[in-house]
Amino acid sequence: MVAGQGPVLSDEVLLHLFCEAIAIRPERLQPTVDAFLIRFGSLAATFASDDKALSGLLHIGPHIRTALHLVHDAAMRVSRARLGRDDIFTNRKLMLDYLISRLAREPIEQFRILFLDEKNRLLADEAQTRGTVNHTPVYPREVARRAMELGAKSLILVHNHPSGDPTPSDGDISMTHDTQRAAALIEVRVADHIIIGNGAYVSFSELGLLRGFQG
């Protein structure tokens with residue numbers, strides 16, 4: 001009965017059902033749900049939270065943190081598997097939902113790459129580097145080298161802004177163009193660069209920030 005109603009249930013109800021499923025005591029159910037929503041604001045943000053954020057909540061012990069992480073990891077794997085079936089651009093919303101879920105709550109910058117084949121199917125989703133709260137080092141030659149190893153034909157660059165504002169910096173734009181140049185030398189196209197903020201994103205292709213380079 002619950003499975004069929006999932007899409008129309010509120011975040012509060014779903015969190016309540018989750019807490020029941022992991023055997024939280026009845027008297028602690030509603031206070032726990034309230035704590036999650038006050039601290040994180042939503043179901044998705046609760047499951048994406050890290051141990052440091054969860055440790056600040058009363059009565060959230062190791063078994064609850066483990067259950068949250070298991071559900072989140074399972075959801076990420078299902079989303080990742082769905083991305084690999086067809087042309088990734090045929091369901092852009094699915095791709096963006098996956099990237100936002102993976103990166104929106106990251107406390108430091110992380111640079112990832114989606115490597116695509118000639119039919120825009122996902123070959124690999126890899127974290128290349130992790131940086132600080134406002135900077136991630138990116139090495140265009142290494143990006144190109146990895147694309148060659150995987151036989152990729154195009155790339156989607158992705159990174160997050162922990163500040164929550166996905167507006168690209170001058171450095172983001174410059175790095176993207178440097179990566180385009182390096183990729184063009186091996187006839188690989190940078191199809192997009194997506195910056196993830198707090199539940200929001202910016203797409204370089206949508207903003208016209210990508211340039212054409214000849215290999």
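Scope of the values below: all heavy atoms of this structure, side chains included, with no hydrogens, waters or symmetry mates.
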When rounded to the nearest 0.5 Å, the distance separating CG of D125 from CD1 of I113 is 10.0 Å
- prompt: Do NZ/NE/NH1/NH2 and the carboxylate oxygens of K119 and D87 come within less than 4.0 Å?
  reply: no
The reported gap from CD1 in I108 to CD in Q110 (rounded to nearest 0.5 angstrom) is 7.5 Å
Under a 4.0 Å N-O cut-off, is there an ion pair linking R146 with E142? no
Tell me if a side-chain donor or acceptor on D178 pairs with a main-chain N or O of M175 at a distance below 3.5 Å. no
Output yes when K153 and D117 qualify as a salt bridge under the 4.0 Å nitrogen-oxygen rule, no when they do not.
no
Only one of T167, D172, N198 passes side-chain hydrogen bond (donor to acceptor under 3.5 Å, both in side chains) with H161, and that residue is D172
Would you check if the side chain of N120 reaches a backbone N or O of F89 as a donor-acceptor pair within less than 3.5 Å?
no
When every non-hydrogen atom of I173 is compared with those of P168, the smallest separation belongs to CG1-CB, 4.3 Å
**Prompt:** Are I24 and L43 joined in one hydrophobic group, where the rule is that I, L, V, M, F, W and Y side chains link up if heavy atoms are under 4.5 Å apart?
**Reply:** yes
Closest heavy-atom pair, H193 versus V158, reported as atoms and distance to 0.1 Å, is CD2-N, 4.2 Å
Quiz prompt | Pairwise side-chain contact, L116 with L123, heavy-atom cut-off 4.5 Å (strictly under) | solution = no
Check whether V138 and M148 end up in the same hydrophobic cluster, where Ile, Leu, Val, Met, Phe, Trp and Tyr are linked by side-chain heavy atoms less than 4.5 Å apart.
-> yes
Joint cluster assignment, L68 & L9, ILVMFWY side-chain distance < 4.5 Å:
yes
Open item on the list: Please determine whether the number of non-hydrogen atoms from other residues, nucleotides or ligands lying under 6.0 Å from atom CZ of R145 exceeds 12.
Closed with: yes
Do L17 and L29 sit in the same hydrophobic cluster, where Ile, Leu, Val, Met, Phe, Trp and Tyr count as joined when their side-chain heavy atoms come under 4.5 Å apart?
yes
| request: Please examine the side chains of H69 and L54, heavy atoms only from C-beta on, and report whether any two atoms are closer than 4.5 Å. | output: yes
In short, Y201 meets I196 closest at the heavy-atom pair CB-CD1, 3.9 Å
Checking the side chain of Q180 only, and the main-chain atoms of R211 only, is there a donor and an acceptor separated by less than 3.5 Å?
yes
Heavy-atom closest pair (A191 atom, S205 atom, distance to 0.1 Å) is O-CB, 3.9 Å
Nearest heavy-atom contact between I60 and R65 is O-NH1, 3.0 Å
Tell me whether the rings of F47 and F18 are parallel (<30°), tilted (30 to 60°) or perpendicular (>60°). perpendicular
Note: F115 and E126 closest approach over all heavy atoms is CE1-OE1, 3.8 Å
Next item on the list: State, with a plain yes or no, whether a side-chain heavy atom of D11 is found less than 4.5 Å away from one of F36.
Entry: no
message: Less than 4.0 angstrom from a charged side-chain N to a carboxylate O is my criterion; do E206 and R92 meet it?
response: yes
Item to check | Check: R189 side chain, A184 main-chain N or O, donor-acceptor pair, under 3.5 Å | outcome: no
Hydrophobic cluster membership, I22 vs V13, 4.5 Å side-chain cutoff | yes
Notebook entry, point to check: Are F204 and I156 side-chain neighbours, meaning at least one heavy-atom pair lies under 4.5 Å?
Noted result: no
